[in-house]
Structures are given as C-alpha cells and as structure tokens.
Amino acid sequence: MAKRDYYEILGVSKGASDSEIKKAYRKKAIEFHPDKNPDDKEAEAKFKEAAEAYEVLSDTDKKARYDQFGHQAFENGGGFGGGGMNMDDIFSQFGDIFGGAFGGGGFSGFGGGGGPRRTKGSNLRIRVKLTLEEIANGVEKKIKVKRKVQAPGTTYKTCTTCNGSGQVTRIANTILGRMQTSAPCNTCGGAGQTIDKKPTDADAQGLKVAEETVSIKIPAGVVDGMQLKVSSKGNDAPGNGIAGDLLVAIEELEHDKLQREGDNLHYDLYVSYPEAVLGTSKEIDTVTGKVRIKVEAGVQSGKILRLRGKGIPSINGYGKGDLLVHVNVWTPKTLNKQQKDFFETMLDDEHFSPKPESSDKSFFEKVKDMFS
C-alpha cells in the first residue's frame, strides 16, 4: 500500500513553518493517542503515521530530501515507520511535545514523560560507490559494517540514584517559594539502570565492536551525494536503548562513455565522413546493454538522436529519462594524393555546397530542445 503524503497526514501546506508543523503534529498525536483510544488499532496506526510524518518534516535535512525525492528518499528504512519503531520510540523522541496533555507528562506506561528514558546509540556513516548501470537498475549491496553491539554476558541493575525511574527530583528555594523540578538522572543518563556485570573485552557501557554484513536495497535513480538510512544498523545503545542508524552516502562512479544529466544520459557518437554521406548503423552503449541505431545518409554533425526511455528512472517514480546521442562527423586530418585530388575536384560541386534547410536547427536551437 502506497504511503500517504506527509503534508497531507499532518494537514499542513508544503510551505508550513516549523511551529505550524509542530502544532499540527501535536493536534494529531493527541487526537489518536493510545490513552484516548484504548484497543483501537486504526487510531494507533494513525498515531504512528503522524509520528513518521513529523519525524521527517521536523528535520531540515530529511524535509529537504522528502521535498525533492518523496518517499523514495527513505526506502531503506528512512523515515519513522521503515525501521519498525514502537510507541516507546515515539515517546522517547517526541514526548516533550505533548506537554501536560495527559496529566503531568505521563503516558500510561508508554515510556514518555517522567519514566526511564530510552537512549539511542550513535549513528554510523558509510559511502557506497555505484556504477551508472547500478543506479539505473537499482541494486542490493551487502556491506560489512563494524558496529558496537551489546557484549554477551553484560547484565544491568536498577540505578540506585533514581531507583529505576530515570529521573531525579530537586527542590530549590526561590523568591516564589519552594520549587520542585525533575531532570534526567546523571548516574544512569535517564535509563533507570546501570551495568551490573560485563566481560573484560567490553567497554564502559557494556558494548563491543563486531562485524556484521548489512544488506542495503538501493532504489533506481539515486543521485551522487544522496543519503539513505538503514534503521537500527548503527551502534547499539546500552541496556534497553535503541540502536542508532546506518547512514549510507551515495557516490556515483564516472562512466567511460555515458554522461549523466539529471535523468537524461548523453552519448558522443563519432562517424566517418563516408558514413555520414552514405548512412550507417552503429552499436552504442546504454545502461541496460548495447543497442544498434541507424544513422541516416546525409546526417549533419551535431545532430541529436533521442532514444526515449533509455535514460535513468526518476527517483520519484515519474518514468525514465532519455538517452541523447550526439552525432559528430569526424573530418580526416591527413589524406593521400588520390583522396586529396578527389576532394579538390569537389570544391565547386553543388552537392558539396552547404545548403542548410529549415529542419537543420542551429546549435542554440539544439541546446534549447535538449533541455525542453
């Protein structure tokens, strides 16, 4: 089932400000909150859907990628829903948005407000090099990643400072009287637990480095510099925390014969003078294999042959670009006497005199057509 537009989910326009997006999300989240809709699976789905939309639109980088590429920008677990996050994940990241809407910030055991805070592990970043053929067809890459995972044998115990609540209460005397405030516990970082036992090869957080093979599905049409996200494949967090994400930066390798321009491809085809006069057929490279094209007799240098649909698929799913074949007539630089004599006798021949027709477009017209 296709995902709904994030702006439509929150009921805001594409030009909405950060505060408008936040306000719209809070309204939706309160409307479909599990406390208000117990045992209502449809409301729970809409609650998670709104959280996914807000997770993207509230982040400047993610919002820019979504505006440019749509849901395709997060196909590898990017966005909120792709990583299989649950209610705890939502409240751990966005719990402060609800304020006191459900009584002092509590969320009926969902982990928001004053309960223990689920920490998130750090993200990992890798760069994946792709050929133009891989970009055109989409590809699944298996990459070995070294990430921190919870060491076997590590156990945890309830934090004695906060007694497992993840919060410590402080009372201060102010000019307004005695004020009570709550803050995350410094001892456990708000997790409510500390390490009890850990193996000798684990670090202070009970984690160790392990190598894992991660499968990354890269959709067709990605561009150089684009970043994909594979949820929960970054470093683990200690205890009951959430694993970080694996951020995958795309690097496009240069093709030896094809040049990319957006979704279109360009190919320089060189033909000899006799081939241009008599016509010929040529085999050329495309991202899906070799194809043979016909070059008409009398072709002019600079002629552009458009092979529709032989370019790069749009990342937004709007079809494919074209392959533009630029015909270049190769003029020989050295001739033997017989060849030179032939062309000298043709200097005044009317068949060799330039006679451009209305269909023979100028260079600027060709450039205009190429970008239209």
Side-chain angles (χ1 to χ4, degrees), residues 44 47-49 51-56 58-59 61-62 65-66 71 73-96 107 109-112 115-128 140-159 164 166 184-185 187-199 201-218 226-250:
E44 181 180 326
F47 182 78
K48 292 179 179 178
E49 184 182 50
E52 177 180 342
Y54 180 71
E55 196 261 350
V56 172
S58 63
D59 185 290
D61 292 338
K62 292 178 183 177
R65 282 190 281 137
Y66 177 73
H71 290 296
F74 309 104
E75 272 202 346
N76 286 278
F80 212 72
M85 288 189 173
N86 55 32
M87 292 296 188
D88 285 342
D89 302 322
I90 295 173
F91 291 127
S92 69
Q93 292 195 31
F94 308 131
D96 60 320
F107 294 100
F110 281 105
R117 180 169 61 92
R118 296 188 70 191
T119 56
K120 185 172 182 179
S122 58
N123 294 334
L124 292 176
R125 290 174 173 80
I126 62 171
R127 185 177 296 275
V128 173
E140 183 173 353
K141 290 282 190 179
K142 295 186 182 298
I143 306 295
K144 289 185 178 180
V145 176
K146 289 185 177 180
R147 54 189 294 262
K148 287 186 177 181
V149 299
Q150 192 168 109
T154 301
T155 59
Y156 296 84
K157 62 183 179 181
T158 301
C159 176
C185 174
T187 303
C188 64
Q193 56 183 351
T194 56
I195 290 180
D196 181 26
K197 297 178 182 178
K198 66 181 182 69
D201 59 346
D203 63 15
Q205 295 180 311
L207 304 175
K208 62 182 295 184
V209 176
E211 188 174 77
E212 180 179 341
T213 300
V214 178
S215 180
I216 306 170
K217 291 184 178 179
I218 301 174
M226 184 177 178
Q227 184 171 275
L228 306 178
K229 183 179 81 171
V230 184
S231 294
S232 304
K233 289 302 180 181
N235 290 322
D236 277 352
N240 66 342
I242 307 165
D245 303 319
L246 178 64
L247 306 179
V248 183
I250 300 298

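Counting from 1, the numbers follow the sequence of the chain as shown.
- Closest approach of Gln205 to Tyr156, counting heavy atoms only: O-OH, 3.4 Å.
- Shortest non-hydrogen contact noted between Ala202 and Ala151 is CB-CB, 3.7 Å.
- Asp245 places no side-chain N or O within donor-acceptor distance of the main-chain N or O of Leu247, the cut-off being under 3.5 Å.
- The CG atom of Leu246 sits 4.5 Å away from the CD1 atom of Ile126 when rounded to the nearest 0.5 Å.
- Contact of the Glu55 side chain with the Glu52 side chain is not registered, since no non-hydrogen atoms from C-beta on lie closer than 4.5 Å.
- Distance alone, capped at 3.5 Å, places no donor-acceptor pair between the Asn235 side chain and the Arg147 backbone.
- The minimum heavy-atom distance linking Asp236 with Ala243 is given by the pair OD1-CB, 3.5 Å.
- The shortest distance between side-chain heavy atoms of Lys148 and Asp203 falls below 4.5 Å.
- Across Val214 and Lys233, no two heavy atoms sit closer than the pair CG1-CG, 4.1 Å.
- With contacts defined as side-chain heavy-atom distances shorter than 4.5 Å, the pair Ser215/Lys142 qualifies.
- Judged by distance alone, with hydrogens and angles left aside, the side-chain atoms of Thr155 form a donor-acceptor pair with the main-chain N or O of Lys197 at under 3.5 Å.
- The pair Lys48-Glu44 meets the salt-bridge criterion, with a side-chain N (NZ, NE, NH1 or NH2) lying under 4.0 Å from an Asp/Glu carboxylate O.
- Taking CD1 from Ile195 and SG from Cys188, the interatomic distance works out to 12.0 Å, rounded to the nearest 0.5 Å.
- Atom-to-atom distance recorded for Lys208:NZ and Thr154:OG1 is 9.0 Å, nearest 0.5 angstrom.
- The line from CD of Gln227 to CG of Asp61 is 8.0 Å long, rounded to the nearest 0.5 Å.
- Looking only at distances, no side-chain donor or acceptor of Asp196 sits under 3.5 Å from a matching main-chain atom of Lys157.
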